[in-house]
Amino acid sequence: MNANLASIMPQVVGVWCEAEGHEVTFVCYTGFEDLAEELPEDVDVVFIGAFTEAALLAYALSNRFRSKGAVTVLGGPHARSYPEDARKYFDYVVGFTDQQLIRDVLRDCSPHRPMGVHLAAKRQPAALPGVRERWRFIEPTLRKAPVFKLVPMLGSLGCPYTCSFCIDSEVPYQPLDFAVMTEDLRFLLQKMPRPKVGWHDPNFGVRFDDCMEAIDAAVPPGRIQFAAESSLSLLSEPHLKRLQRSGFKVLLPGVESWYDLGNKSKTGARKGMDKVRQISEHVNTIQKYVPYVQTNFVLGLDSDEGEEPFELTKRFVDLSPGAFPGYSLLSAFGRAAPLNLEYQRANRVLAFPFHFLDNNHAMNVKPKNYPWRDFYDHVISLTRHTFSPRAIYNRFRATRATMPRWLNVVRAVSSEGYGRIGFYGEVRRRLDTDRHLRRFFDQETEELPAFYVDLMRKDLGHLWEWLPAGALQHDPGAYLRSQS
Ligand code: B12
Ligand code: SF4
């Protein structure tokens, strides 16, 4: 799947660099390529877009390119979350990025060391190059996806909701040009016989009618299949009917919590089992119209206490057997969300290396209402329940279409289901037996446990040699310190 999940912005940056007259080499690293072969040698400036989970890889690459005389720029979720740290390893670290900012970087284009400069546009860009302009970067990326090919598109930026754990909670909602959307879809129909589009909007369909009109103006029913992340409050039955007509096959609504964030799921003040019943009914209704549904949950929120939230999620899994539950462990990505300041103020953020901050391999916020061992026991019990043979079978039966049925099985028995049970189990076992790891979890030491160092060395392979000194450590309170 990985090439199908590639980001839009690196393609955009490629288009903007070419517009300035530069020759661009574009590489999408999906985790499998031999980077030594794919990366160009003789370059003046290198832009890297990275999530925090890929930060160490990005730091190692920057070091390698700088040693050969290039100037390096980091953008993307990691740069937005941890600019203070990234400046140590890049000449430029950029936040919100528009065409003018890229132009400024290219014109200045000089080494900034030992500390890089931090630049950011005042707001999200008003417009971005569409599929037609990005096609020459989209096409080689999709070639890396053997069967299923998903074209990334964007209809809006920001979000009108204010979930305090989210990077977009303070970014105003802004639709992109609907005419460009229509034009892009027409273009795609010329390029592919049966295109599939993945919307990268944080919350798809906020301006629902405008969005659907823009799609319907270009796409005869059923010609393009769509996937989108959308909040439950936008997924009323009339909206679902329209989405079905227009070819939406995959929806990923966020439930997040049984006690919090009611406005987003339109459950108002309802909490606990009442909310489970209501959401489960809603999700089952969604599945009548859309064959593949993934419901997203955050585990370990401060509103959770005791066994109940985990038991409620198990009930949800039973009541909505066809939905694939996506679990994220509560994570504070540096300055990505306002809530992170609170965690840092309370000294609850652990210095887990960036490599493990992918919402699963580590939870870098000390849970408010659970000792670590209890928390992991609950997470393991929930994950086991979700991927038990009975639940896998029920999911299979409750999903009508063939592809989604098997996709659910594959996800359950691969690294996502069974793999996580194994990893959480290993961490839980070490909480009993590995004294150093236990002390790290309890914030009694910041020295990294060998267990994590070994995993990073293995994952980074030969790039481990290029990791700059100090890169494994970061200041988990940097955001708070920058505020004072
Ligand atoms: C769409 C999306 C996805 C999609 C597409 C992923 C992709 N490769 O882009 C899917 C569903 C696949 C996905 C998966 C994951 N996601 Co996601 N995702 C998002 C989401 C909702 C929107 C991001 C987006 O594209 N916005 C539109 C772009 C145009 O805006 P932007 O991201 O703000 O980018 C601006 C700047 O940062 C900059 N910029 C961005 N990239 C680059 C690159 C360069 C080179 C430059 C110069 C500038 C630049 O320019 C933009 C314009 O100002 C965000 C949450 C959010 N609301 O932003 C989470 C988010 C980015 N995801 C997140 C996470 C954790 C994940 C997963 C690890 C979850 C998981 N456990 O599987 C995976 C990892 C996937 C991967 N490694 O590729 C975190 C990242 C936190 C972090 N610091 O790393 C976010 C912030 C959500 C959160 N938890 O707060 N995700
Ligand atoms: S609805 Fe989704 S995108 Fe919007 S603020 Fe909440 S979590 Fe973020």
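All ligand and atom numbering here is 1-based and tracks the order in the structure. This chain uses plain numbering: 1 for the first residue, then up along the sequence.
Not less than 6.0 angstrom separates the ring centroid of His239 from the ring centroid of Phe248. Taking the six-membered ring for Trp and the full ring otherwise, Phe226 and Phe204 have centroids separated by 6.0 Å or more. Note: Phe354 and Phe51 fail the aromatic proximity criterion, with ring centroids not under 6.0 Å apart.
Protein non-hydrogen atoms do not reach within 4.0 Å of atom 19 (C) of ligand 1. Remark: atom 55 (C) of ligand 1 lies closer than 4.0 Å to at least one protein heavy atom. For atom 13 (C) of ligand 1, no protein heavy-atom neighbour is present inside the 4.0 Å cut-off. There is a protein heavy atom less than 4.0 angstrom from atom 7 (C) of ligand 1. Atom 86 (C) of ligand 1 is flagged as protein-proximal [any protein heavy atom, distance under 4.0 Å]. Contact annotation for atom 40 (C) of ligand 1: protein present (non-hydrogen atoms, distance under 4.0 Å). When distances from atom 72 (O) of ligand 1 to the protein are checked, no heavy atom turns up under 4.0 Å.
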If you look only at distance, which donor and acceptor atoms sit under 3.5 Å apart when one is on a side chain in residues 61-69 and the other is two or more places apart or in another chain?
residue : atom : partner : partner atom : Å
Ser62   : OG   : Thr72   : OG1          : 2.9
Ser62   : OG   : Tyr89   : O            : 2.7
Asn63   : ND2  : Trp466  : O            : 2.7
Arg64   : NH2  : Glu41   : OE2          : 3.4
Arg66   : NH1  : Asp91   : OD1          : 2.9
Ser67   : OG   : Arg64   : O            : 2.6
Lys68   : NZ   : Glu41   : OE1          : 2.9

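In this structure, the separation between CZ on Phe96 and CG on Leu101 is 12.0 Å, given to the nearest 0.5 Å.
When side chains are defined from C-beta on, Val45 does not count as touching Tyr92, because their heavy atoms never get closer than 4.5 Å. The side-chain heavy atoms of Met403 and Lys249, taken from C-beta on, include no pair separated by under 4.5 Å. In this structure, the side chains of Glu53 and Leu357 stay at 4.5 Å or more apart for every pair of heavy atoms. Using a 4.5 Å cut-off on side-chain heavy atoms (C-beta onward), Phe451 and Val427 make contact.
Both the backbone and the side chain of Pro202 come within 4.0 Å of ligand 2, counting heavy atoms alone. Here Leu252 has no heavy atoms under 4.0 Å from ligand 1, in either its backbone or its side chain. At a heavy-atom distance under 4.0 Å, only side-chain atoms of Ser81, from C-beta outward, approach ligand 1. Contacts of His200 with ligand 1, taken as heavy-atom pairs under 4.0 Å, involve both backbone and side chain. At a heavy-atom distance under 4.0 Å, atoms from both the backbone and the side chain of Thr52 approach ligand 1. Contacts between Leu157 and ligand 1 below 4.0 angstrom, taking non-hydrogen atoms only, involve the side chain exclusively. The proximity of Leu357 to ligand 1, defined as any non-hydrogen pair under 4.0 Å, does not occur for either the backbone or the side chain.
The shortest N or O to N or O distance between Leu5 and ligand 1 is below 3.5 Å. An N or O contact shorter than 3.5 Å links Ser7 to ligand 1 by distance. Between Asp201 and ligand 1, no pair of N/O atoms sits closer than 3.5 Å.
Residue Ala336 places no heavy atom under 4.0 Å from ligand 1. For the pair Ile167 and ligand 1, a heavy-atom separation below 4.0 Å is found. The shell of residues lying under 4.0 angstrom from ligand 1, judged by heavy atoms, excludes Ile8. For the pair Ala6 and ligand 1, a heavy-atom separation below 4.0 Å is found. Within the 4.0 Å heavy-atom shell around ligand 1 one does not find Gly334.
Listed by number with element, the atoms of ligand 1 under 4.0 Å from a non-hydrogen atom of Gly95 are 36 (C), 38 (C). Heavy-atom contacts of Pro202 reach the following atoms of ligand 1: 21 (C), 57 (N) (cutoff under 4.0 Å). Of all the atoms in ligand 2, the ones that sit under 4.0 Å from a non-hydrogen atom of Cys159 are 1 (S), 3 (S), 4 (Fe), 5 (S). Annotation for ligand 1: atoms under 4.0 Å from non-hydrogen atoms of Pro77 are 61 (C), 80 (C), 82 (C), 83 (N), 84 (O). Those atoms of ligand 1 with a heavy atom of Val94 less than 4.0 angstrom away are 47 (C). Close approach of ligand 2 to Asn203 is summarised as follows: ligand atoms under 4.0 Å from at least one heavy atom of the residue are 1 (S). Near Gly49, meaning under 4.0 Å from any of its heavy atoms, are these atoms of ligand 1: 43 (C), 45 (C). Atoms of ligand 1 found under 4.0 Å from any heavy atom of Asn360, numbered from 1 in the order shown, are 71 (N). Residue contact check: Phe96 has heavy atoms under 4.0 Å from atoms 53 (O) of ligand 1. Residue Asp358 approaches ligand 1 through these ligand atoms, each under 4.0 Å from one of its heavy atoms: 68 (C), 70 (C), 71 (N).
Classified by interplanar angle (parallel below 30°, tilted 30° to 60°, perpendicular above 60°), the ring pair Phe187/Trp135 is perpendicular. Between Trp372 and Phe375, the ring-plane angle classifies as perpendicular under the 30° and 60° cut-offs. Using cut-offs of 30° and 60° for the angle between ring planes, the His361 and Phe356 rings count as tilted.
Considering His118, Arg335, His474, Arg481 in turn, Arg335 is the only one that fulfils the side chain to side chain donor-acceptor pair (under 3.5 Å) rule with Glu84.
The nearest heavy-atom contact from the protein to atom 49 (C) of ligand 1 is Gly76 N, 3.3 Å.
Taking 4.0 Å as the cut-off between side-chain N and carboxylate O, Lys368 and Glu342 do not count as a salt-bridged pair.
Across the listed options Phe47, Trp16, Phe51, Phe333, Phe51 owns the non-hydrogen atom lying nearest to atom 91 (N) of ligand 1. Comparing Glu416, Gln124, Glu53, Arg123 against atom 76 (C) of ligand 1, the shortest heavy-atom distance belongs to Glu53. The residue among Arg335, Glu229, His361 with a heavy atom at the shortest distance from atom 11 (C) of ligand 1 is Glu229.
Formation of a donor-acceptor pair under 3.5 Å by the Thr383 side chain with backbone atoms of Ser381 is not found in this model. Looking only at distances, a side-chain donor or acceptor of Arg134 sits under 3.5 Å from a matching main-chain atom of Pro129. Using a distance-only test at 3.5 Å, with no hydrogens or angles considered, a donor-acceptor pair links the side chain of Asn340 to the main chain of Gly334. For the pair Arg395 (side chain) and Val317 (backbone), a donor-acceptor distance under 3.5 Å is absent.
Counting non-hydrogen atoms of neighbouring residues, nucleotides and ligands closer than 6.0 angstrom, the CZ atom of Arg113 exceeds 12 such neighbours.
Between atom 4 (Fe) of ligand 2 and Cys166 there is no N/O/S contact shorter than 2.8 Å.
Pairs passing the salt bridge (Lys or Arg N to Asp or Glu O under 4.0 Å) check and including a residue from residues 4-18, sequence neighbours excluded, read Glu18-Arg136.
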